[in-house]
Asker: 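Input: one structure, supplied below.
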Amino acid sequence: MRLSRRIETLEASGEDGWTIHYRAREMRAAGRDVISLCVGDHDFAPDPVILDAMHAAARAGQVKYGPVAGMDTLRDLVADRHGATREEVAITSGGQAALFAAICAAIDPGDRVGVIDPFYATYPSTIRAAGGVVVPIPVRSRNGFAPTAQDLAPIRGLKALLVNTPNNPTGAVYGRETLDMIAGYCLENDVILISDEVYASQVWAGAHLAPRNVHGLKQRTITLGSFSKSHAMTGFRIGWVLAPARVIALLRHLANATTYGTPEFIQAGALAALGADDGAQVAAIYRARRDLALRILDEGGMRVIPPQGGMYVMCDIRPTGQSGIAFAERLLTDKGIAVMPGESFGQAAAGHIRIALTQPLDRLETALAALVEFSKEFA
Ligand code: PLP
């Protein structure tokens, strides 16, 4: 069987960046006590009102095909939160499906898609799955990992630019000046902006500014969001796309060809989630963890990039002389603590590690204290 070049080259290196996570899982299955600060998945359950609503909906018979673009009630609620209309919203199977849909809407095979590097680990394969060419745009920690005009100036020939604020892995939250600069770039170069805002409810410094609200961007921005991070609903696989009505109408054809819609009982859970809050409960948990982590890492002399948002903390471990990969591998083998190497998020994050704040405070404290001690072994 000769498979497609597309599927065989989705992961250019043949490696998907999650190796440490898979190893940690194997070690745990073999009986070792591993503390995982690796993937962005919560260690706690969603609010019971979400589970109750989902259960009630399923029992009431919402287990059939539903409207492909999502239930009107949920589309309306998401639209309302973003000053949009139902026709500008489609419900998707998670932020990941929303991202794929957004890229499919924006590009043709062979088109170039700029990604701010460091980037979320699935971006390159998602772009390639849609036939696009990945153009990494490195940004610097001294600029808080936000792109500058100088970073974008040499980048030419893009069809789309993919940005993520608050950012995974860096925790950067783009301010007004950054967004104005991005808007200028997109307008001047006729670039479609794809804005990944799955961490919008988790902002620790400043405020979340949605790029689509920047002057001139609404008609060329495709925004994606998710209930995964805001309401601890990762396994529900539910998110949304927000875009001009013409884009949403066309995305229905893509959904026909892929998921054929999102289960209605899952959407009922999402309705209950948004009815309860906009993600404040979950955000409060991560804010406390972020504060604890910054204190321990700071006191331990680690070089930390304080996150302005999101569920992660980035540490620059170059003073240890190790690559992010070597550091993460040894930390797992020697101490049973799993973190992501920066290299999983592009070249600009090399020599860093990303710590996911996905453990209760006491376990997080134990793990971070051990991580600090481990780093000192390289002094
Ligand atoms: N975008 C970013 C930046 C993420 O970190 C994630 C998940 O970690 C996603 C999108 C996809 O999230 P989901 O498909 O669970 O909504």
Side-chain angles (χ1 to χ4, degrees), residues 16-18 20-21 36-43 46 50 70 74 78 89-103 113 115-127 129-130 134 136 139 145-146 160-174 193-203 208 210-211 222-242 255 258-259 262-263 266-267 269-270 273-274 279 282-283 286 307-314 339-340 342 344-346 348-349 354-358:
D16 64 6
W18 302 101
I20 294 278
H21 167 59
S36 181
L37 308 174
C38 222
V39 282
D41 205 348
H42 316 273
D43 53 301
I50 298 171
L74 185 56
V78 171
V89 173
I91 305 302
T92 61
S93 297
Q96 183 57 46
L99 177 64
F100 181 64
I103 298 170
V113 181
V115 287
I116 307 300
D117 177 357
F119 44 75
Y120 173 51
T122 71
Y123 283 179
S125 58
T126 312
I127 292 166
V134 182
V139 295
F145 283 119
L161 173 65
L162 171 52
V163 299
N164 171 219
T165 175
N167 188 271
N168 174 14
T170 65
V173 171
Y174 297 175
L193 185 68
I194 299 173
S195 178
D196 178 343
E197 300 176 29
V198 305
Y199 296 97
S201 62
Q202 300 173 357
V203 176
H208 172 66
I222 306 178
T223 304
L224 59 113
S226 171
F227 292 84
S228 286
K229 313 296 175 172
S230 59
H231 293 85
M233 291 172 68
T234 47
F236 288 63
R237 311 309 307 130
I238 181 156
W240 44 262
V241 177
L242 172 62
T258 52
T259 57
T262 307
I266 301 283
Q267 296 185 66
L274 272 189
V282 168
Y286 286 104
Q308 298 170 296
M311 296 165 44
Y312 315 96
V313 177
M314 283 270 277
V339 297
M340 289 288 274
S344 292
F345 307 100
R354 188 201 72 174
I355 300 164
L357 303 170
T358 49

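All ligand and atom numbering here is 1-based and tracks the order in the structure.
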Asker: Please check if the distance between the ring centroids of Y199 and Y312 is under 6.0 Å.
Answerer: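 Under 6.0 Å, so yes.
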
Asker: Which atoms of ligand 1 are found less than 4.0 Å from any heavy atom of R237?
Answerer: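 Close to R237: 13 (P), 14 (O), 15 (O).
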
Asker: Using heavy-atom distances, let me know which of Y199, F119, F100 sits nearest atom 5 (O) of ligand 1.
Answerer: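 Comparing heavy atoms across Y199, F119, F100, the nearest one to atom 5 (O) of ligand 1 lies in Y199.
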
Asker: Is ligand 1 less than 4.0 angstrom away from at least one heavy atom of L99?
Answerer: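 For ligand 1, residue contact (heavy atoms, under 4.0 Å) with L99 is absent.
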
Asker: Hey, what's the ring geometry for Y120 with Y123, parallel, tilted or perpendicular (30° and 60° as the breaks)?
Answerer: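 The rings of Y120 and Y123 stand perpendicular, inter-plane angle above 60°.
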
Asker: Do the side chains of F119 and P124 get nearer than 4.5 Å, heavy atoms only?
Answerer: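 Sidechains of F119 and P124: in contact.
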
Asker: Please list, in number order, the atoms of ligand 1 under 4.0 Å from a heavy atom of D196.
Answerer: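 Ligand 1 atoms under the 4.0 Å threshold to D196: 1 (N), 2 (C), 3 (C), 10 (C).
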
Asker: With heavy atoms of K229 as the reference, note each atom of ligand 1 found under 4.0 Å away.
Answerer: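 Under 4.0 Å from K229, ligand 1 has these atoms: 7 (C), 8 (O).
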
Asker: Taking 4.0 angstrom as the limit and counting only heavy atoms of S226, give me the atoms of ligand 1 inside it, by number and element.
Answerer: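 Result: 13 (P), 16 (O).
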
Asker: Among all the protein's non-hydrogen atoms, which is closest to atom 11 (C) of ligand 1, and how far away is it?
Answerer: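 Scanning the protein heavy atoms, the shortest distance from atom 11 (C) of ligand 1 goes to Q96 N, 3.8 Å.
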
Asker: Counting only nitrogen or oxygen atoms and a 3.5 angstrom limit, does Y120 reach ligand 1?
Answerer: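 Y120 vs ligand 1: N/O contact under 3.5 Å present.
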
Asker: Does G94, backbone or side chain, put an N or O under 3.5 Å from an N or O of ligand 1?
Answerer: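 No - when backbone and side-chain N and O of G94 are compared with those of ligand 1, no distance drops under 3.5 Å.
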
Asker: Within ligand 1, which atoms have a heavy atom of N164 less than 4.0 Å away?
Answerer: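 Checking each atom against N164, I get 3 (C).
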
Asker: Can you sort out which atoms of ligand 1 are near S228, meaning under 4.0 Å from one of its heavy atoms?
Answerer: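 Those qualifying, in numeric order: 13 (P), 15 (O), 16 (O).
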
